[in-house]
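Below is one structure, written out as structure tokens; comments come after it.
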Amino acid sequence: MLEHQTMVATAIFLITYAVIVSEKIHRAVAAFCGAALVIVAGILTPEDAVHFVDWNTIGLLVGMMIVVGITRETGVFEFLAIKAAKAAGGQPLAILASLAAVTAILSALLDNVTTVLLIVPVTFAIARKLQVNPIPFLITEILASNIGGTATLIGDPPNIMIGSATHLGFLDFVINLTPIVILVHVVTIFILQLIYRKQLRVPAEARQRIFEFNEQDELKDIPLLKKCLVCIGLIVTGFLLHQALHLESSVIALAGASLLLLITRKDPEHPLAQVEWPVIFFFIGLFVIVGALEHVGVISAMAAYALEATGGAVLPTGLLIMWVSAIASSFVDNIPFVATMIPMIKEMGALGAMSAYDMDFFWWSLALGACLGGNGTIIGASANVVVIGMAEKRGTVIPFLGFMKVAFPLMLMSIVMATVYMYLWYVLPTVPTILIVLVAATLVAVLMSAAGRRLVRAEADKVRETA
């Protein structure tokens with residue numbers, strides 16, 4: 001019976017993902033149909049299906065979408081768009097880099113889902129002003145959000161799960177992961193500038209049109225903006241203190257949304273209409289389908305096989321954890337995958353009587369693999385799906401294979417860099433390794449920044465020559 005359920009669950013999973021990749025049917029419909037088949041086939045009961053849904057992620061998404069929907073009415077996103085475009089001199093490549101930096105920093109301090117909810121409206125406003133395709137900006141922000149979210153405990157759901165299951169705290173994540181995250185971010189953004197330089201050539205007159213606008217005119221409701229900023233400030237503070245407060249991020253987000261609805265006395269119909277419901281139902285369906293694989297033991301068997309393949313040697317096992325997590329997290333949402341890996345790693349540590357240092361090596365490998373691996377495809381991480389959903393609502397479609405063609409090689413590059421970092425982290429003392437990588441990241445950032453400025457000037461010269 002279990003073997004039959006395993007085959008059926010695997011078949012439903014593969015067919016659903018094939019339909020999602022083909023884009024013949026909307027991914028939310030495909031995921032929801034797959035979830036329905038899992039329950040109808042008797043693999044999961046309705047109660048089991050509800051159990052496998054990560055309601056913390058769902059609540060976080062809904063809460064922040066409500067807050068962003070109300071805040072959007074103030075015009076603050078357009079205000080920020082014009083300010084950002086002016087600060088970058090109206091140069092699309094420079095704007096791409098500046099938005100990526102803001103996205104990465106906010107993703108580390110808040111979480112990457114919240115960040116893209118705030119940044120994407122700004123991006124569309126900038127693209128509209130410059131009359132350029134927003135897709136290069138959106139793909140860059142997806143990658144930057146997952147890279148930046150890797151740096152801290154609260155930046156990405158897998159890190160939150162790892163932190164809650166271990167002794168590792170906020171500063172542990174910052175100290176051990178931030179150096180390699182900076183290096184990966186700088187290199188990734190420079191390569192994206194090279195990839196999109198031809199698509200983002202804008203005539204001088206188009207850039208100058210931005211300076212004709214007064215960003216202050218975009219602020220439509222200052223009293224409402226103040227209320228929104230107060231609530232956003234409280235939500236951010238709650239995210240930073242969620243461990244001390246013993247509150248889930250979803251509770252903080254929904255409480256902030258409730259407070260904003262209360263103090264603005266708005267009819268909830270419009271803010272609720274701003275929620276990206278296709279994205280929400282896609283997540284629910286996906287959680288149920290992957291939960292079925294977990295229920296029948298497919299994910300556990302794959303994880304156990306991967307861990308046993310190295311014979312228990314710490315260094316190769318840790319690096320294998322990173323690579324398996326990266327590849328798997330590109331195609332299976334990294335939250336349920338990490339939920340399966342955590343008990344497997346704990347069991348391996350207990351059986352092998354491994355030291356705390358060895359276990360930390362495994363946890364950092366899992367965090368880097370799962371978070372950076374989410375950049376592989378549009379369904380690899382929560383932030384990816386949110387951006388794709390928001391883009392579709394605005395009439396912009398990012399194809400599955402079109403995204404993967406750009407993102408997957410960059411994801412593999414980031415994992416190669418993380419592999420070198422974790423190798424040094426394990427064979428050398430931790431502090432020197434962190435300092436070496438931090439210095440290297442700083443030098444690369446300086447060099448890439450200079451190269452990026454030259455690239456912007458070169459593209460501007462080409463535009464003038466063709467004018």
Side-chain angles (χ1 to χ4, degrees), residues 28 53-74 76-77 80 99 102-124 138 141-142 144-146 148-149 152-160 224-225 227-242 245 247-264 266 268-284 287 333 335 374 381-394:
V53 175
D54 189 332
W55 294 107
N56 186 51
T57 297
I58 300 300
L60 173 63
L61 289 171
V62 172
M64 292 311 301
M65 285 176 179
I66 292 173
V67 172
V68 171
I70 296 175
T71 306
R72 186 180 296 124
E73 299 176 18
T74 67
V76 67
F77 297 122
L80 292 174
L99 285 180
V102 171
T103 301
I105 293 171
L106 289 179
S107 294
L109 297 177
L110 309 177
D111 67 88
N112 50 11
V113 172
T114 301
T115 298
V116 296
L117 285 169
L118 296 171
I119 292 295
V120 166
V122 178
T123 302
F124 274 95
L138 298 176
E141 288 159 7
I142 288 173
S145 70
N146 288 317
T152 68
L153 171 66
I154 61 174
D156 209 1
N159 284 2
I160 295 174
L224 177 60
L225 176 59
K227 295 176 182 178
C228 291
L229 291 178
V230 168
C231 287
I232 291 174
L234 291 174
I235 291 171
V236 171
T237 303
F239 285 151
L240 293 174
L241 301 176
H242 77 100
L245 296 173
L247 292 175
E248 295 285 358
S249 56
S250 60
V251 175
I252 295 170
L254 289 170
S258 302
L259 177 62
L260 187 56
L261 286 169
L262 179 64
I263 64 177
T264 57
K266 282 189 167 292
E269 181 176 352
H270 179 68
L272 290 176
Q274 300 300 309
V275 175
E276 308 287 341
W277 292 112
V279 172
I280 301 301
F281 282 98
F282 172 71
F283 269 113
I284 293 174
F287 282 133
D333 190 272
I335 295 173
S382 304
N384 308 23
V385 181
V386 170
V387 173
I388 298 301
M390 296 177 74
E392 285 183 354
K393 199 167 185 178
R394 292 164 173 80

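We use all heavy atoms of the structure for the numbers below, so side chains are in, but hydrogens, waters and symmetry mates are not.
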**Study point:** Counterpart residues, salt bridge (charged side-chain N to carboxylate O under 4.0 Å, His left out), relative to E276 (two or more places apart)
**Key:** none
**Study point:** Results of side-chain hydrogen bond (donor to acceptor under 3.5 Å, both in side chains) for N159 - residues two or more places apart only
**Key:** none
Check your understanding: If we only count heavy atoms from C-beta on, is the I70 to C231 side-chain gap below 4.5 Å?
Key -> no
Point to revise | Qualifying residues under side-chain hydrogen bond (donor to acceptor under 3.5 Å, both in side chains), relative to T74, sequence neighbours excluded | key: none
Study note, to complete from the structure: Sorted by chain and number, sequence neighbours left out, side chain to side chain contact (heavy atoms under 4.5 Å, CB included) with L254 holds for V62
Practice item. Not counting sequence neighbours, which residues clear ring pair (Phe, Tyr, Trp, His ring centres under 6.0 Å) with F124? List them please. Key: none
Check your understanding: Any side-chain heavy-atom pair from L138 and T123 closer than 4.5 angstrom?
Key -> yes
Exercise for review: Check whether any side-chain heavy atom of I58 lies under 4.5 Å from a side-chain heavy atom of I280, and answer yes or no.
Suggested key: yes
Check your understanding: Has the side chain of N384 got a donor or acceptor atom that lies under 3.5 Å from a matching backbone atom of G374?
Key -> yes
Check your understanding: Just by distance, do the side chain of S145 and the backbone of S107 share a donor-acceptor pair under 3.5 Å?
Key -> no
Check your understanding: How about E141 and V387: do any of their side-chain heavy atoms sit closer than 4.5 Å?
Key -> no
Study note, to complete from the structure: Sequence neighbours excluded, the answer for side chain to side chain contact (heavy atoms under 4.5 Å, CB included) partners of V251 is L247, E248
